Chemist: 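After the structure tokens below, expect a handful of questions from me.
All figures in this text were calculated on a predicted structure; none of them were measured in a lab. Residue numbers begin at 1 in each chain, while the letters A, B, ... track the order of the sequences.
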Amino acid sequence: MYSDKVMDHFKNPRNIGELEDYNAVGTVGNPKCGDIMKIYMKIEDNIIKDISFKTFGCGAAVATSSMATEMVKGKTIEEALALTNKAVAEALDGLPPAKLHCSVLAEEAIKTAIADYYKKQGIDPKPIIGCNADCAHCCEH
Amino acid sequence: MYSDKVMDHFKNPRNIGELEDYNAVGTVGNPKCGDIMKIYMKIEDNIIKDISFKTFGCGAAVATSSMATEMVKGKTIEEALALTNKAVAEALDGLPPAKLHCSVLAEEAIKTAIADYYKKQGIDPKPIIGCNADCAHCCEH
Amino acid sequence: MKIIYADHAATTRVKPEVLEKMRPYLTEEYGNPSSLYGFSYNSKRAVEQARENIAGLIGADVKEVYFTGCGTESDNWAIKGAAWANGKKGKHMITSKTEHHAVLHTCQYLEKQGFDVTYLDVDKDGFINPDELIKAIRPDTILITIMFANNEIGTIMPISEIGRIARERSILFHTDAVQAAGHVPIDVNAMNIDMLSISGHKLGAPKGVGVLYIRKGVKIESLMHGGGHERGKRAGTENVPHIVGLGEAARLAKAYMDENIKKVTAMRDRLIDGILKIPYTRLTGPTENRLPGLASFVIEAVEGEAMLLKLFEYGICASSGSACSSGSLDPSHVLLAIGYPHHIAHGSLRLSIGEENTDEEIDRIIEAVPEVVKKLRDMSPVWENGKPAWA
Amino acid sequence: MKIIYADHAATTRVKPEVLEKMRPYLTEEYGNPSSLYGFSYNSKRAVEQARENIAGLIGADVKEVYFTGCGTESDNWAIKGAAWANGKKGKHMITSKTEHHAVLHTCQYLEKQGFDVTYLDVDKDGFINPDELIKAIRPDTILITIMFANNEIGTIMPISEIGRIARERSILFHTDAVQAAGHVPIDVNAMNIDMLSISGHKLGAPKGVGVLYIRKGVKIESLMHGGGHERGKRAGTENVPHIVGLGEAARLAKAYMDENIKKVTAMRDRLIDGILKIPYTRLTGPTENRLPGLASFVIEAVEGEAMLLKLFEYGICASSGSACSSGSLDPSHVLLAIGYPHHIAHGSLRLSIGEENTDEEIDRIIEAVPEVVKKLRDMSPVWENGKPAWA
Ligand SMILES: Cc1ncc(COP(=O)(O)O)c(C=O)c1O
Ligand SMILES: Cc1ncc(COP(=O)(O)O)c(C=O)c1O
């Protein structure tokens with residue numbers, strides 16, 4: 001059973017679709033696992049000016065995508081990188097244990113998009129983000 | 001669950017008590033088993049002129065005693081000896097399987113009383129009745 | 001004829017307030033608690049509310065409460081589940097001679113599987129002796145299962161002491177509390193109980209629902225494999241209406257326990273005093289540490305089933321541990337275990353009352369029983385000159 | 001918002017006529033069927049009447065019908081009971097890959113106990129191949145357990161053929177008929193079924209009651225030890241109200257079966273036709289030999305749980321075999337067994353209807369599902385240019 005917040009973000013997802021003028025994009029998950037999140041960002045002056053997502057997945061996957069995008073919108077890259085899956089789950093008033101992996105996915109999706117931004121700038125994201133940002137391993141969560 | 005007939009004979013047992021002028025008496029069962037039937041008869045001219053019983057036991061024990069005494073009252077000794085437990089059970093519209101031994105007991109009580117009658121006449125009942133009429137083995141039924 | 005129901009240890013009427021709580025889950029709220037859509041949330045919440053009520057009744061955590069299909073299932077699960085899960089540690093279990101068949105037959109079944117069971121003797125009032133329990137414990141003892149309260153003679157076992165003995169030796173302790181739950185205070189922590197069985201129909205909920213309390217950390221195998229219900233431990237779609245009923249019955253039992261105990265005990269004691277006026281009649285079970293509602297006797301030279309049938313001519317519903325009433329040839333194993341010979345055990349009578357009984361009903365029972373006994377003794381060949389043949 | 005209940009394979013509403021029959025046994029008729037006095041006769045008779053109705057539904061003798069606490073218990077009892085009772089003859093059992101977890105997890109449990117289980121493959125429509133069954137049989141095969149009808153894709157197995165194969169070789173045949181009983185004709189004799197499981201809440205009776213049919217002469221161990229209930233085979237005080245409800249539901253199911261099959265099949269077929277208009281959507285399970293009420297699909301590039309939640313925004317209750325709806329990581333074992341890859345199996349949708357559904361409701365479902373699918377595909381990163389990324 002989902003919290004009212006989860007249901008609200010599932011029913012009325014914020015920031016949905018594909019940004020017209022994004023300059024960073026990240027995809028995590030894979031269809032085998034039934035969860036794919038794709039996050040589009042428009043980053044300017046180190047700030048996430050705009051953000052959107054597309055998600056294939058369960059109610060929690062949609063809601064965590066929606067919530068995570070809300071939480072980093074207008075924030076600096078550093079602030080966005082500091083977003084934890086726990087913070088996303090808490091902002092949604094909690095998730096059922098079996099669904100916690102969705103909040104992990106949301107955190108990773110944000111990081112992957114930012115990694116894409118760095119890569120496009122010719123910067124190696126690995127030292128900054130802590131992984132190669134090629135997360136397609138949702139099934140292991 | 002007992003038939004209405006059983007309940008009727010339990011609630012209003014026929015031929016109850018001790019005959020004043022009996023000339024035959026038989027007891028079967030034992031207190032260990034929780035079933036004792038004692039049958040009193042007044043036999044004249046080979047006919048069971050009167051009969052009564054006392055029973056310590058369950059509903060079926062009382063009802064089979066009552067029914068068995070009814071069935072042999074006024075009958076010849078031979079007719080009484082021909083009474084089977086099955087006939088008693090049938091006359092009561094059946095007995096639950098766990099209670100069939102009560103009808104056996106009733107049959108034996110009749111036979112034991114008749115054996116007593118023969119013994120008092122100095123006749124060995126065994127060849128006539130088929131057992132030594134010392135039935136205190138209800139538990140084995 | 002008005003029925004006087006004095007057989008609450010056999011089963012109880014569903015309390016009207018309990019049925020009221022169940023009603024939605026028998027009608028419009030039929031969602032499967034496992035379903036995902038909002039329609040089923042009410043079913044799910046109702047089951048969890050019931051779980052909280054049960055936890056509250058016995059001082060457990062909600063996560064330690066598992067719903068089952070009856071008290072018998074709870075007993076089977078606790079004993080077999082613990083035996084199978086801990087069989088590598090040891091094969092010895094300890095129980096008592098006066099347990100319910102749900103425990104005894106389960107133990108006998110496990111004996112056939114290679115387990116070794118000690119059946120403790122009880123004294124004349126039905127109590128086990130804690131010293132004998134200690135003596136029976138072996139290095140390979142994995143489980144002690146002793147009932148909380150006896151269903152035939154009302155003996156409340158020294159549960160706290162048994163719990164302490166078991167805990168000190170790290171042996172699992174299960175108690176069949178089917179007759180006790182909702183009727184006397186239970187605290188699984190203070191009493192060091194690891195597993196505890198409850199059956200709904202003994203406390204004003206319907207037949208066909210039970211609970212097994214399992215302390216966190218207790219190793220137990222499942223009895224029912226399948227879906228992930230009851231946190232993966234007991235498969236099968238939840239009996240939502242009955243679970244809701246049991247929850248409400250537990251809540252009511254807790255709220256009114258002191259009051260009910262006082263009221264029921266007073267009626268019971270009056271009943272006992274009244275019945276004991278009949279000559280050659282004895283109380284079975286103790287006078288102290290006795291279930292509040294249970295009055296049980298042996299009445300000599302009459303047979304139990306015959307008493308029940310005659311009592312029902314007065315509208316009185318009662319019970320007996322006589323052989324005839326059980327369909328077996330031996331009278332109650334409980335009466336034999338407390339030392340009665342067969343011929344006396346056959347005259348067993350159990351009157352078990354509840355808070356909805358009235359003083360007037362008690363009066364009518366006290367009047368009726370002697371009449372019934374007289375009628376039966378009058379036709380009994382083992383009643384002679386005002387006493388039993390064996391007296 | 002009005003609920004459109006299209007999840008009858010998950011559970012059903014208690015039919016009002018069924019509840020009416022149950023009512024006395026939830027109120028004044030609370031006697032324990034095992035009690036001796038007249039007050040309890042009505043409970044006892046009611047249980048026996050229910051037994052007759054069940055026997056009538058499946059062509060059994062009343063003495064072959066045993067009441068249990070749920071379908072899961074029936075499956076566990078049949079399989080474990082037969083395995084344990086016949087374990088000396090052999091240790092091999094045969095089942096299929098698409099059984100309900102109540103069967104599969106029970107078989108896996110027995111494997112840990114040293115039994116050897118063959119899990120037969122099924123074809124793309126969910127049927128086992130009788131030739132493969134024959135090939136799988138070994139001299140030590142003691143039990144074949146194959147479900148009557150599948151709960152996710154509606155496949156009705158070739159039961160008569162399986163029964164014949166089993167009977168010719170004197171191997172016990174159990175079938176989980178939880179989804180079939182009351183919905184399609186069953187004749188345990190004509191079909192050579194030795195044991196058959198039923199669950200009340202799939203045919204308009206309450207949750208928490210089941211039946212195991214056991215053919216006379218079948219050797220089976222008890223799962224529940226204790227009192228002598230159910231002719232000594234299944235201990236535990238009878239759930240009288242639920243048993244009465246199940247009996248009445250069985251009577252109604254038999255009386256209206258032809259009519260219901262016709263009505264429900266017509267609605268189902270319309271539903272299937274409507275849903276299949278959605279591109280990249282497939283029917284799962286067969287078109288023939290299919291449960292009358294069950295319409296099941298995989299819809300590509302959308303995830304099952306999300307569909308259910310969105311459908312409930314329209315008031316529609318449905319089900320899915322997606323991983324997310326089951327709380328596991330792998331999607332339904334049934335969809336994998338019939339050959340769907342994970343990414344497609346995630347888009348599973350099951351609509352299961354009953355005779356109380358209306359044509360209007362079917363219309364509303366046919367309207368709603370495409371809308372829901374469109375909304376989800378619009379936000380799906382694997383839906384590109386009107387087709388799945390993998391298409
Ligand atoms: C095919 C099948 N078998 C067994 C069961 C288990 O029945 P119950 O939930 O009554 O235990 C179900 C339904 O849950 C089922 O669909
Ligand atoms: C002490 C005790 N244990 C277990 C049971 C079994 O409970 P149920 O009938 O609900 O299976 C009973 C009552 O029947 C009982 O009195």
Side-chain angles (χ1 to χ4, degrees), chain B residues 1-4 6-19 22 25-40 52-66 69 95-102 104-105 109 112-113 136-141, chain C residues 1 280 298-316 318-333 335-336 340-349 368 371-385 387-391:
Chain B
M1 258 168 32
Y2 289 130
S3 69
D4 291 343
V6 171
M7 286 310 294
D8 175 43
H9 276 264
F10 173 72
K11 285 189 191 177
N12 313 295
R14 327 312 192 230
N15 313 311
I16 202 155
E18 183 177 324
L19 283 187
Y22 65 88
V25 63
T27 306
V28 293
N30 72 49
K32 184 165 185 251
C33 310
D35 283 312
I36 299 183
M37 286 183 198
K38 188 165 184 179
I39 286 198
Y40 306 86
S52 73
F53 77 93
K54 279 191 156 190
T55 288
F56 161 72
C58 63
V62 173
T64 52
S65 311
S66 169
T69 55
L95 285 172
K99 302 293 188 177
L100 280 173
H101 75 277
C102 293
V104 176
L105 219 56
T112 311
H137 54 274
C138 76
C139 291
E140 282 95 64
H141 291 303
Chain C
M1 185 184 40
Y280 294 96
V298 282
I299 304 181
E300 294 188 45
V302 293
E303 193 278 334
E305 189 202 278
M307 265 194 284
L308 301 192
L309 295 173
K310 276 255 169 291
L311 277 173
F312 193 64
E313 295 178 26
Y314 294 75
I316 297 168
S319 191
S320 171
S322 84
C324 269
S325 74
S326 66
S328 85
L329 290 171
D330 278 327
S332 145
H333 65 285
L335 298 176
L336 300 180
Y340 284 105
H342 281 65
H343 64 281
I344 290 182
H346 282 298
S348 136
L349 176 67
E371 288 181 28
V372 162
V373 171
K374 183 176 180 321
K375 278 184 204 167
L376 291 173
R377 281 179 172 168
D378 280 352
M379 69 161 91
S380 172
V382 290
W383 183 254
E384 292 161 357
N385 309 317
K387 54 185 207 279
W390 47 76

Chemist: Using a cut-off of under 4.5 Å for heavy-atom pairs, which of B:Val62, B:Ile16, B:Thr55 has the most such pairs with chain C?
Modeler: B:Thr55

Chemist: Looking only at heavy atoms, what is the nearest atom pair of B:Ile39 and B:Ala109, with distance?
Modeler: CD1-CB, 3.8 Å

Chemist: Could you pull out the closest heavy-atom pair between C:Leu349 and C:Met307, with the gap in Å?
Modeler: CB-CE, 4.1 Å

Chemist: Any heavy-atom pair between the side chains of C:Tyr280 and C:Ile299 that's under 4.5 Å?
Modeler: no

Chemist: Could I get the full list of side chain to side chain contact (heavy atoms under 4.5 Å, CB included) partners for B:Asn12, not counting sequence neighbours?
Modeler: B:Asp8, B:Arg14

Chemist: What part of C:Lys375 gets within 4.5 angstrom of chain B, counting heavy atoms only: side chain, backbone, both, or neither?
Modeler: neither

Chemist: Would you mind checking which part of C:Asp378 comes under 4.5 Å of any heavy atom in chain B, side chain (CB onward), backbone (N, CA, C, O), both or neither?
Modeler: backbone

Chemist: Which atoms of B:Ala60 are under 4.5 Å from chain C, going by heavy atoms: the side chain, the backbone, both sets, or neither?
Modeler: backbone

Chemist: Side chain, backbone, both or neither: which part of B:Ile36 has an atom under 4.5 Å from a heavy atom of chain C?
Modeler: both

Chemist: Does any backbone or side-chain atom of C:His343 lie under 4.5 Å from a heavy atom of chain B? Answer side chain, backbone, both or neither.
Modeler: both

Chemist: For B:Tyr22, what residues pass the ring-ring contact (aromatic ring centres under 6.0 Å, His included) criterion, not counting sequence neighbours?
Modeler: B:Tyr40

Chemist: Any side-chain donor-acceptor pair under 3.5 Å between C:Ser322 and C:Glu303?
Modeler: yes

Chemist: Between B:Pro13 and chain C, with a heavy-atom cut-off of 4.5 Å, which part of the residue counts as in contact: side chain, backbone, both or neither?
Modeler: side chain

Chemist: Where does C:Ala345 contact chain B at under 4.5 Å (heavy atoms): side chain, backbone, both or neither?
Modeler: neither

Chemist: Between C:Pro331, C:Pro388, C:Ser380, C:Pro341, which residue shows the highest count of heavy-atom pairs closer than 4.5 Å to chain B?
Modeler: C:Ser380

Chemist: Does C:Glu371 form a salt bridge (charged side-chain N to carboxylate O under 4.0 Å, His left out) with C:Lys374? I'd like the steps, not just the answer.
Modeler: CA-CA 5 Å; C:Glu371 288 181 28; C:Lys374 183 176 180 321; over 6 Å; no

Chemist: Find the one option among B:Glu18, B:Met37, B:Lys38, B:Lys11 whose heavy-atom pairs under 4.5 Å with chain C are most numerous.
Modeler: B:Lys11

